[in-house]
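First the structure, in the form of structure tokens, and then the observations on it.
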Amino acid sequence: MQETDSGVGTTSDRSEPARVRRPKIVHLPAELGIDGVAALKAQLAKVVGEPRKVVMEASEVERVHTAALQLFCLFCRDRRAADREVEFARPSPALRSAAALLGASTLLQISRSVQ
């Protein structure tokens, strides 16, 4: 999983108004198995308080363990409770299917995500 900052010009993101900041991108790996949940939790913990919108680039996800979906649910709940945006961009069929199977599509807002 890789995080990317998408800054605007040469101005520091911290000094820009929230409405003009580019989102924080988190690239999700193809495998979100149980063996990678600790790393996923650490990665999400780093961005849970991010003031910018967090976009989870999810197009390459091929396998999702229930524990990873639980982390996504908690992450989304915490972000939205703090009035911070989170989006799953281009969720893969595997992620969509797993979220639907576990009844998490609404909480994750997968059905409204950009494809």
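Excluded from the calculations below are hydrogen atoms, water molecules and symmetry mates; all remaining heavy atoms, backbone and side chain alike, are included.
Annotation: side chain of P51 is in contact with side chain of R21 (closest heavy-atom distance under 4.5 Å). The side-chain heavy atoms of I34 and T66, taken from C-beta on, include no pair separated by under 4.5 Å.
For the atom pair CD of E60 and CG of L28, the computed distance is 9.5 Å after rounding to the nearest 0.5 Å. The structure places CZ of F88 at 5.0 Å from CG of L108, a figure rounded to the nearest 0.5 Å.
The side-chain hydrogen bond (donor to acceptor under 3.5 Å, both in side chains) check on S59 picks up E57, with sequence neighbours excluded.
Listed here is the closest heavy atom pair of V61 and A94: O-CB, 3.7 Å. Across all non-hydrogen atoms, the minimal contact from A99 to I110 is CB-CG1, 4.2 Å.
For the salt bridge (charged side-chain N to carboxylate O under 4.0 Å, His left out) condition, no pair includes a residue of residues 97-110, sequence neighbours left out. Identified under the salt bridge (charged side-chain N to carboxylate O under 4.0 Å, His left out) test for residues 61-76, with sequence neighbours left out: E31-R63.
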Exercise answer: donor-acceptor pairs, residues 70-82 side-chain atoms, under 3.5 Å, sequence neighbours excluded:
{"from": "R79", "atom 1": "NE", "to": "E85", "atom 2": "O", "distance (Å)": "3.4"}
{"from": "R79", "atom 1": "NH1", "to": "V47", "atom 2": "O", "distance (Å)": "3.3"}
{"from": "R79", "atom 1": "NH1", "to": "V48", "atom 2": "O", "distance (Å)": "3.1"}
{"from": "R79", "atom 1": "NH1", "to": "E50", "atom 2": "O", "distance (Å)": "2.5"}
{"from": "R79", "atom 1": "NH2", "to": "E50", "atom 2": "O", "distance (Å)": "3.3"}
{"from": "R79", "atom 1": "NH2", "to": "R52", "atom 2": "O", "distance (Å)": "2.8"}
{"from": "R79", "atom 1": "NH2", "to": "E85", "atom 2": "O", "distance (Å)": "2.7"}
{"from": "R80", "atom 1": "NH1", "to": "L107", "atom 2": "O", "distance (Å)": "2.4"}
{"from": "R80", "atom 1": "NH2", "to": "V86", "atom 2": "O", "distance (Å)": "3.4"}
{"from": "R80", "atom 1": "NH2", "to": "Q109", "atom 2": "OE1", "distance (Å)": "3.3"}

